[in-house]
There are 2 protein chains.
Amino acid sequence: MNNFNDKQIDILLVAEKLFAQKGFDGTSIRNISKEAKINIAMVSYYFGSKEKLLEGLILFRIQDLKLKLENLYKEKLKPLEKINKFIELYIEKIDQNKDIYQILHFELSSNKRAMNLKAFTDIKRGNLSSLYKIIEEGQIQKIFKKDINIPLLTPTILGTYFHFQTSKPFFMEILNLNTDEQYNQYIKTDLTKHIQQTIKSLIANEN
Amino acid sequence: MNNFNDKQIDILLVAEKLFAQKGFDGTSIRNISKEAKINIAMVSYYFGSKEKLLEGLILFRIQDLKLKLENLYKEKLKPLEKINKFIELYIEKIDQNKDIYQILHFELSSNKRAMNLKAFTDIKRGNLSSLYKIIEEGQIQKIFKKDINIPLLTPTILGTYFHFQTSKPFFMEILNLNTDEQYNQYIKTDLTKHIQQTIKSLIANEN
DNA sequence: TTGTTTAAATTAAACGTTTGTTTAATATCT
DNA sequence: AGATATTAAACAAACGTTTAATTTAAACAA
């Protein structure tokens with residue numbers, strides 16, 4: 001689909017790691033070449049330029065960011081169960097793709113490079129629309145409250161996760177998480193549960 | 001206290017704006033000099049280097065990031081009112097200092113530069129400790145639930161705000177906020193209220 | 001108020017590196 | 001043999017920083 005060969009994907013993965021770690025401007029082609037063990041000319045050879053490498057990376061990853069939510073909507077679950085599954089899938093997906101999310105969010109806010117981030121925006125719009133459907137279903141069943149500011153739920157779900165990631169060293173210390181494994185496990189269990197609980201108590205009619 | 005003269009502060013303010021906008025690595029000394037209408041040598045003259053300029057900026061701003069929470073704790077308010085005021089003050093403070101927060105969070109996550117961000121961590125620790133006091137007071141009065149994951153409340157409060165800011169263009173579009181003024185007003189009213197409502201329904205025993 | 005002296009501020013120019021990119025030659029594969 | 005891949009070397013441009021000269025400001029004695 002994307003016509004990237006194995007060598008190109010190697011480069012993309014290294015670039016993704018470094019861009020997320022040190023930023024696009026903080027990463028040089030020589031950094032990438034060294035880490036990927038290739039000649040510096042290969043980046044231009046395969047991608048044309050550093051910017052096009054970034055565009056290629058986004059193109060490469062963007063398809064994987066789409067949540068499988070069509071199925072979720074059709075599943076025979078109670079609205080609250082759907083919400084919980086929605087959050088679980090969402091956090092899981094973001095956690096798997098945190099590097100590209102970090103990059104995209106920085107590019108989005110910096111708008112230094114005039115990139116076409118429409119595909120990313122479209123995904124966010126699609127996810128929001130899925131959330132609308134689930135919640136409106138719950139509202140009809142009078143399980144959910146009527147006055148819910150649905151567009152602000154996403155910032156709470158994603159924002160909680162991202163802020164937790166951004167302040168990783170801080171939370172590792174105060175939560176006594178001593179290894180990366182413990183930290184990742186905490187996200188999968190406690191943090192996800194916290195977010196689910198947060199959204200639930202915000203939208204559900206009774207506890 | 002910081003011994004920065006007017007000219008130095010001029011430079012710091014320009015640097016803050018550009019660092020937040022385009023990142024530290026994405027901003028050159030020549031960018032700053034041009035915007036501040038000074039000679040490029042002046043940055044080295046006043047601050048020594050580009051990195052020390054960043055350190056100076058953090059030093060310059062860090063004192064203003066401290067919340068005035070000692071007073072809040074002593075005020076004669078109900079626990080829930082204290083929480084609401086806590087959130088309002090917190091968001092207001094961050095909103096006023098969003099540029100330096102953006103810079104600090106990026107530096108914190110990138111750890112490209114081995115900076116001493118202890119002062120920033122200390123502030124966060126202090127704010128968290130204030131939150132503990134308020135909530136424990138409410139728990140004693142049996143107004144708040146017993147099983148609250150207090151350290152995760154901050155990611156929800158700040159994360160919601162920051163994610164809203166990061167995706168500013170997206171939310172301006174879907175919320176039909178056409179000017180920066182409308183956007184800022186929405187933060188002060190609706191977003192702050194949303195966060196207060198979120199935390200309230202998460203920690204309060206009944207609605 | 002003078003003129004003189006000393007320190008601080010400002011400038012243009014140059015420094016050596018590093019940057020992204022291109023070239024031209026060589027190697028590898030089909 | 002011909003296309004593709006890989007390399008070392010070179011390119012101009014931009015980078016952070018330093019230098020040395022000049023201007024401005026402050027201090028001081030007459």
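Values below: all heavy atoms of this structure, side chains included; hydrogens, waters and symmetry mates excluded. Each chain gets a letter, A, B and so on, in the order the sequences are listed, and its residues count up from 1.
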Rounded to whole Å, please give me the gap between NZ in A:K34 and P in D:dT7.
15 Å
What is the separation between atom NZ on B:K50 and atom P on C:dT18, rounded to the nearest whole Å?
15 Å
Quick one: A:L53 CG to C:dT19 C1', roughly how many Å, whole number?
15 Å
Pair partner, C:dT22 [Watson-Crick or wobble, under 3.5 Å]
D:dA9
Over 12 foreign heavy atoms within 6.0 Å of NZ, B:K85:
no
Considering just the side-chain nitrogens and oxygens of B:S28, establish if one lies under 4.0 Å of OP1 or OP2 belonging to D:dA14.
no
Do any side-chain nitrogens or oxygens of B:N39 fall under 4.0 Å of OP1 or OP2 in C:dA12?
yes
What nucleotide, of C:dT21, D:dA5, C:dA9, holds the atom closest to the side chain of A:Y45?
D:dA5
Ring centres under 6.0 Å, that's the criterion: do A:Y186 and A:F164 meet it?
yes
Write down the distance between CZ (B:F47) and P (C:dA9), rounded to a whole number of angstrom.
12 Å
Between CG of B:D25 and P of C:dG20 the distance, given in whole Å, is 11 Å
Once the angle between the rings of A:F120 and A:H105 is folded into 0 to 90°, is it parallel (under 30°), tilted (30 to 60°) or perpendicular (over 60°)?
perpendicular
On DNA chain D, compare the nucleotides closest to B:A41 and A:I40; which residue's is nearer the 5' end?
A:I40
Hey, do the aromatic rings of A:F106 and A:F24 have their centres closer than 6.0 Å?
no
With salt bridge (charged side-chain N to carboxylate O under 4.0 Å, His left out) as the test, pick out the partner of B:E173 among A:K124, A:R125, A:K118.
A:R125
Measure the distance from CG on A:D6 to C1' on D:dT6 and round it to the nearest whole Å.
17 Å
Rounded to the nearest Å, what distance is computed from the CZ atom of residue B:R113 to the P atom of nucleotide D:dG16?
11 Å
Whole angstrom value for the distance that separates C1' of C:dA13 from CZ of B:R30:
11 Å
Within less than 4.0 Å of OP1 or OP2 of C:dT10, is there a side-chain N or O belonging to B:K7?
yes
With a non-hydrogen cut-off below 4.0 angstrom, is B:T27 in contact with a base, only sugar-phosphate, or nothing?
sugar-phosphate
